[in-house]
Amino acid sequence: MDTEQTESDLRTYKYRLDPNADQIRALSQAAGAARVSCNMLIARNLDALKAGWAAERN
């Protein structure tokens with residue numbers, strides 16, 4: 001089985017979202033939750049990095 005694709009094998013598709021008010025609210029909540037979790041992960045990684053720097057100094 002040949003797994004290589006040529007340009008003629010590739011196709012593109014376009015999708016359009018048309019959410020109603022409840023779906024907009026749900027999408028906004030999901031985006032907000034993703035933003036909060038990303039910020040928490042960044043803060044945790046920054047704390048770990050600072051702890052590593054402090055350990056190197058001692």
Side-chain angles (χ1 to χ4, degrees):
M1 179 183 215
D2 189 12
T3 58
E4 292 184 25
Q5 290 184 338
T6 62
E7 286 187 34
S8 62
D9 293 336
L10 301 177
R11 294 190 172 115
T12 61
Y13 297 93
K14 289 185 180 182
Y15 294 96
R16 180 177 173 183
L17 295 178
D18 190 18
N20 61 29
D22 290 337
Q23 292 169 331
I24 290 172
R25 191 175 309 109
L27 288 169
S28 295
Q29 288 176 348
R35 188 188 80 239
V36 168
S37 63
C38 182
N39 288 341
M40 290 173 65
L41 180 61
I42 290 171
R44 183 174 185 267
N45 287 342
L46 185 57
D47 290 343
L49 182 63
K50 288 178 181 179
W53 287 339
E56 285 181 3
R57 290 185 198 152
N58 294 334

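Position 1 is the first residue of the sequence, and the numbers go up from there.
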Query raised in the report: Just by modelled atom types, is the Asn20 backbone N or O under 3.5 Å from a matching donor or acceptor in the Gln23 side chain?
Result: yes
Report task. Tell me, please, which residues at least two apart from Asp47 pass side chain to side chain donor-acceptor pair (under 3.5 Å). Result -> none
**Report entry** Criterion side chain to side chain contact (heavy atoms under 4.5 Å, CB included) against Cys38, the qualifying member of Ile42, Leu41, Val36
**Finding:** Ile42
